[in-house]
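Below you'll find the structure, written out as structure tokens, and then a few comments.
Each residue takes its place number in the sequence, starting with 1. Every number for a ligand or one of its atoms is a count from 1 in the order of the listing.
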Amino acid sequence: MTKHQKNIAVTIVLICMVVLCKPAYYMVLVFLILVVFLSGLLHGIFSLNSGYFMNSLCKSPLKKCILSFDDGPSEYTLGVLEVLRKYEISAVFFVIGNQLALHPEITNEIVKQGHLLGNHSYSHSNKFAFMSTKKVLIELQKTENLLGVNSLKLFRSPVGISNPNIARAVDKLNLKSVGWSLRSFDTQSGNSSILAEAMLGELENNSLILLHDNLQNSVDNLELFLVQAKENGFRFTNSKELNSVFNV
Ligand SMILES: [Zn+2]
């Protein structure tokens with residue numbers, strides 16, 4: 001039973017009890033129960049960390065940080081790979097299927113350099129949260145097909161959204177959902193120094209970090225952040241350690 005199903009069951013039981021007993025202000029109590037239910041639901045939809053609809057790995061199980069990159073491969077990915085090679089770090093790249101189809105050579109380079117690939121849907125549609133299970137399945141399967149032998153059955157939901165349809169599709173394809181504990185918000189920042197400072201303020205020794213490899217300043221963002229993180233004693237996974245986390 002998922003947390004969502006438990007939440008529904010508890011809500012129904014509480015409402016039935018209130019309606020049957022009809023205490024004073026019982027409509028107010030019903031309203032309050034519904035408010036609590038809806039807050040739980042919204043938290044579940046927007047936070048993979050909550051494990052409300054499906055379980056997601058959101059922290060590194062090692063005392064080393066894990067870097068992850070979303071929305072590539074892109075023209076900036078090779079630069080990101082160069083920085084990772086310099087610091088001997090292995091990361092997970094959650095690729096978008098239609099980007100993968102455009103840049104198969106970059107995707108091969110990601111694998112060649114000892115990084116892992118994950119599925120980040122085919123189109124990264126802003127309607128992803130409203131898709132039926134069937135449509136989500138098509139999105140995920142298309143990208144799984146493109147990943148082929150490089151598929152590790154890892155999935156990161158676009159924008160970190162989860163709902164029953166996405167959870168059903170993930171379950172059906174036997175994918176492992178991966179979230180994050182530190183969101184960089186690099187898509188909303190134009191200044192790499194400010195971004196690095198903000199990230200450092202939230203960094204823990206087991207952070208699972210979300211960055212993007214499709215931004216003009218992706219390379220600068222990464223390098224500045226790593227310089228400061230290393231200066232402060234934080235360590236990041238190498239290939240062997242990353243493989244052990246994802247049972248590769
Ligand atoms: Zn994304």
Checklist entry - Hey, is K86 close enough to E223 for a salt bridge, meaning N to O under 4.0 Å? => result yes
Next on the checklist: Classify the ring geometry of F155 against F128: parallel below 30°, tilted from 30° to 60°, perpendicular beyond 60°.
Outcome noted: tilted
Checklist entry - So, is the end of the K3 side chain (NZ or CZ) under 6.0 Å from the ring centre of Y52 and within 45° of the ring's axis? => result no
Next on the checklist: Can you confirm whether the side chains of D70 and H212 place a donor and an acceptor under 3.5 Å from each other?
Outcome noted: no
Next on the checklist: More than 12 heavy atoms of other residues, nucleotides or ligands under 6.0 Å from NZ of K64: yes or no?
Outcome noted: yes
Checklist outcome for this item: Shell check on the Zn ion (ligand 1): protein N, O or S atoms less than 2.8 Å away are D71 OD1, H120 NE2, H124 NE2
Item to check | side chain to side chain donor-acceptor pair (under 3.5 Å), paired with N119, selected from E144, K153, R156 | outcome: E144
